[in-house]
Asker: 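Structure provided below as structure tokens; questions to follow.
Bear in mind the structure is a predicted one, so any value in this text is a computation, not a measurement. We count ligands from 1, going down the list as the structure has it; atoms in each ligand are counted the same way.
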Amino acid sequence: MAIQRTFSIIKPDATKRNLTGAIIAKFEAAGLRVVAQKRIQLTLAQAQTFYGVHSERPFFGELCEFMISEPIVVQVLEGEDAISKNREVMGATNPAEAAEGTIRKEFALSIGENSVHGSDAPETAAEEIAFFFSGLELVG
Ligand code: CMP
């Protein structure tokens with residue numbers, strides 16, 4: 001597998017509990033490198049656009065309100081097979097189903113307040129990186 005880039009969010013429940021460094025340590029231990037990162041506060045419109053694919057789901061309103069409730073940290077992670085490696089380190093969406101040692105098993109509070117987001121495919125990774133980062137912010 002080649003070197004890939006993926007997009008990651010450290011969500012409000014985690015930034016609020018000062019877990020940014022602990023989560024980054026999990027990524028780094030798994031061989032993922034943070035190649036771009038910033039702490040931002042989303043507007044409601046930005047959250048609704050980013051999660052537009054879920055707009056018909058019953059939890060959409062709750063998801064968007066949660067994502068604007070505190071600052072988030074958006075990141076680009078790079079490494080061998082980064083998209084699937086990141087998803088492995090995050091663990092299942094529902095922390096009750098997440099494997100031991102994963103970020104969501106250790107830190108997530110619920111299926112909604114699940115500490116991290118990661119892209120699910122190369123196409124979404126490219127779209128999500130472009131949504132949050134300009135070319136000038138991306139090194140190499
Ligand atoms: P994420 O990987 O950011 O992608 C969509 C998010 O929707 C997901 O993580 C969860 O945080 C959230 N989500 C999924 N299912 C539910 C649910 N049943 N209730 C609330 N939020 C959910």
Asker: Any cation-pi pair here, Lys11 with Phe107, using under 6.0 Å and within 45°?
Answerer: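 Geometry flag: not set, cation outside 6.0 Å or 45°.
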Asker: Does Glu113 come within less than 4.0 Å of ligand 1, judged by its heavy atoms?
Answerer: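 No, Glu113 has no heavy atoms under 4.0 Å from ligand 1.
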Asker: For atom 2 (O) of ligand 1, what's the nearest protein heavy atom and its distance?
Answerer: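 I find the closest protein heavy atom is His117 ND1, 3.2 Å.
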Asker: Considering heavy atoms of the protein only, find what lies nearest to atom 4 (O) of ligand 1 and give residue, atom and distance to 0.1 Å.
Answerer: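 The closest heavy atom on the protein side is Tyr51 CE2, 3.7 Å.
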Asker: If we only consider heavy atoms of Phe66, is any one of them less than 4.0 Å away from an atom in ligand 1?
Answerer: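 It does not; every heavy atom stays at 4.0 Å or beyond.
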Asker: Is the shortest side-chain N to carboxylate O distance from Glu78 to Arg5 below 4.0 Å?
Answerer: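 Salt bridge flag = yes for Arg5 with Glu78.
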Asker: Check this for me - ligand 1, Ile111, N or O atoms closer than 3.5 angstrom, yes or no?
Answerer: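 Yes, at least one N or O pair falls under 3.5 Å.
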Asker: Quick check on contacts: which atoms of ligand 1 are under 4.0 angstrom from a heavy atom of Asn114?
Answerer: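 Listed by number with element, the hits are 8 (C), 9 (O), 10 (C), 11 (O).
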Asker: Should we say atom CZ of Arg17 is surrounded by more than 12 heavy atoms from elsewhere, each under 6.0 Å from it?
Answerer: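 Yes, the 6.0 Å shell around CZ holds more than 12 heavy atoms from other groups.
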Asker: Below the 3.5 angstrom mark, is there an N/O of Gly112, backbone or side chain, next to an N/O of ligand 1?
Answerer: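 So ligand 1 has an N or O lying under 3.5 Å from an N or O of Gly112.
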Asker: Using distance alone, determine whether Lys11 and ligand 1 share an N or O pair under 3.5 Å.
Answerer: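 Min N/O separation from ligand 1 is below 3.5 Å for Lys11.
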Asker: By the definition side chain to side chain contact (heavy atoms under 4.5 Å, CB included), identify the one residue from Glu127, Gln75, His117 that meets it with Phe7.
Answerer: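 The passing option is His117.
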Asker: So with a 6.0 Å cut-off around NZ of Lys16, is the heavy-atom count from everything else above 12?
Answerer: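 It does not: Lys16 NZ has 12 such atoms or fewer within range.
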Asker: Given side chain to side chain donor-acceptor pair (under 3.5 Å), test Thr43 with Gln46 step by step and report yes or no.
Answerer: CA-CA 5 Å; Thr43 65; Gln46 287 167 338; 3.3 Å; yes
Asker: Is the closest heavy-atom distance from Arg104 to ligand 1 below 4.0 Å?
Answerer: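 So Arg104 counts as touching ligand 1.
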Asker: Can Glu106 and Lys26 be counted as an ion pair, charged N to O under 4.0 angstrom?
Answerer: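 Counted as a salt bridge, because a side-chain N and a carboxylate O are separated by less than 4.0 Å.
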Asker: Start with the C-alpha distance between Lys38 and Glu137, add both sets of side-chain angles, then the distance that settles salt bridge (charged side-chain N to carboxylate O under 4.0 Å, His left out), and finish with yes or no.
Answerer: CA-CA 10 Å; Lys38 57 189 171 185; Glu137 293 172 305; 3.1 Å; yes
Asker: Measure the distance from atom 5 (C) of ligand 1 to every protein heavy atom, then report the residue, atom name and distance (to 0.1 Å) of the closest one.
Answerer: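 Answer for atom 5 (C) of ligand 1: His54 NE2, 3.4 Å.
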Asker: Would you mind checking which non-hydrogen protein atom is closest to atom 16 (C) of ligand 1, with the distance to 0.1 Å?
Answerer: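 Result for atom 16 (C) of ligand 1: Phe59 CD2, 3.5 Å.
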